[in-house]
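What follows is a single structure, written as structure tokens, with notes after it.
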Amino acid sequence: MSRLLTILAVVSTLILGGALTATAQEKKPPAEKEPPAKTTQPALPKCPVLGEEIDISVSVATDDGPVYFCCADCIKKYQADPKKYADKVAEQRKALANLAKVQVTCPVSGKPVDPKMFTEKDGKKVYFCCPNCKPKYEAEPAQYASKLANSYVYQTKCPVSGEAISPQAFTELVGGQKIYFCCKDCSAKLLKEPAKYLPNLEKQGIHLKAEEVKAKG
């Protein structure tokens with residue numbers, strides 16, 4: 001009898017322990033999920049005048065390449081005394097070197113480039129608008145260094161399709177900004193419904209209001 005009682009006591013203890021463990025597991029709060037990683041756009045360089053983030057559609061060409069600003073008013077201040085902002089411009093160019101860019105104009109003629117027409121040196125391609133410009137550049141590349149430095153844009157994606165831009169598909173707005181697209185059809189879509197696509201330009205550092213999206217006549 002005593003042996004039977006002992007066995008029953010052990011069984012009862014095991015059952016009770018299992019029940020308590022199950023209850024504890026039920027009451028245990030679920031593990032918190034890790035928050036999703038945040039994806040942020042890389043910060044754009046600063047305006048040499050005000051120190052604000054630049055708008056890549058607001059720039060002025062110089063012999064050493066374009067200088068970008070946060071607004072058109074800063075261009076006048078910079079041009080009044082370029083030496084004053086030389087250090088800030090150097091910092092901006094250093095930061096721009098880390099951003100993707102696309103060559104859109106020919107360093108010889110200034111016209112939109114043909115992606116099939118280029119020369120290559122040290123693994124780098126320089127594009128031209130036609131067969132006539134290529135030998136001119138190859139004969140005296142230093143002569144066209146300034147134009148080449150000003151031939152790039154940092155808008156790399158079409159704001160409508162998200163595809164890579166075409167140097168030959170662009171619209172110049174009344175404010176002087178030049179917006180690039182993957183094809184001419186997308187230009188019409190932006191002009192028709194600017195508010196729909198402006199956020200895609202904003203992500204690339206082009207800050208426009210819907211009322212400013214009007215083609216230059």
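Values below: every heavy atom of this structure, side chains too, minus hydrogens, waters and symmetry copies.
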In this structure, CD of Gln204 is separated from CD1 of Ile179 (nearest 0.5 Å) by 9.0 Å
Indicate whether any N or O donor in one side chain lies under 3.5 Å from an N or O acceptor in the other, for Asp55 and Ser57. yes
Within this structure, what is the CG-CD distance for the pair Leu44 and Gln92, rounded to the nearest 0.5 Å? 10.0 Å
Distance check, rounded to the nearest 0.5 Å: Cys70 atom SG versus Ile54 atom CD1? 9.5 Å
Starting at CG of Asn150, measure out to OG of Ser59 and round the result to the nearest 0.5 Å. 8.0 Å
Looking only at heavy atoms, what is the nearest atom pair of Val126 and Pro107, with distance? CG1-CG, 4.0 Å
Heavy-atom nearest pair, Lys157 first then Gln155, reads O-NE2, 3.1 Å
Are the side chains of Pro159 and Phe181 in touch, meaning some heavy atoms are under 4.5 Å apart? yes
Is Thr105 reaching over with its side chain to a backbone N or O of Gly110, donor-acceptor style, under 3.5 angstrom? no
Below 4.5 Å, heavy atoms only, C-beta onward: do Leu148 and Gln103 meet side chain to side chain? yes
Could you report the tightest heavy-atom contact between Lys189 and Val160, atom names first, then the distance? CD-CG1, 3.8 Å
Over 12 foreign heavy atoms within 6.0 Å of NZ, Lys46: yes
Show your working on side chain to side chain contact (heavy atoms under 4.5 Å, CB included) between Leu190 and Lys196 and close with a plain yes or no. CA-CA 8 Å; Leu190 175 72; Lys196 182 177 179 179; over 6 Å; no
Inter-residue atom distance Ile56.CD1 - Thr156.OG1, 0.5 Å rounding: 8.0 Å
What do the steps show when you test Val104 against Ile165 for side chain to side chain contact (heavy atoms under 4.5 Å, CB included), and what is the final call? CA-CA 9 Å; Val104 292; Ile165 64 167; 4.2 Å; yes
If you measure from OG on Ser166 to OH on Tyr180, what distance do you get to the nearest 0.5 Å? 9.5 Å
Under 6.0 Å from the ring centre and within 45 degrees of the ring axis: does the NZ or CZ of Lys134 meet both conditions for the six-membered ring of Phe128? no
Do the ring centers of Tyr78 and Phe69 come within less than 6.0 Å of each other? yes
How about CG on Asp87, more than 12 heavy atoms from neighbouring residues, nucleotides or ligands closer than 6.0 Å, or not? no
Sub-4.5 Å side-chain heavy-atom contact between Cys129 and Val113: no
Does any non-hydrogen side-chain atom of Ser187 lie less than 4.5 Å from one of Thr171? yes
Evaluate Tyr85 against Lys77 for side chain to side chain contact (heavy atoms under 4.5 Å, CB included), listing each step before the verdict. CA-CA 10 Å; Tyr85 304 102; Lys77 294 178 182 179; 4.2 Å; yes
Taking the side chain from Asp114 and the backbone from Lys116, do they hold a donor-acceptor pair closer than 3.5 Å? yes
May I have the step-by-step check of salt bridge (Lys or Arg N to Asp or Glu O under 4.0 Å) for Lys216 and Glu172, ending in yes or no? CA-CA 6 Å; Lys216 190 174 182 180; Glu172 189 171 356; 3.7 Å; yes
Would you say Pro48 and Tyr68 make side-chain contact, with heavy atoms under 4.5 Å? no
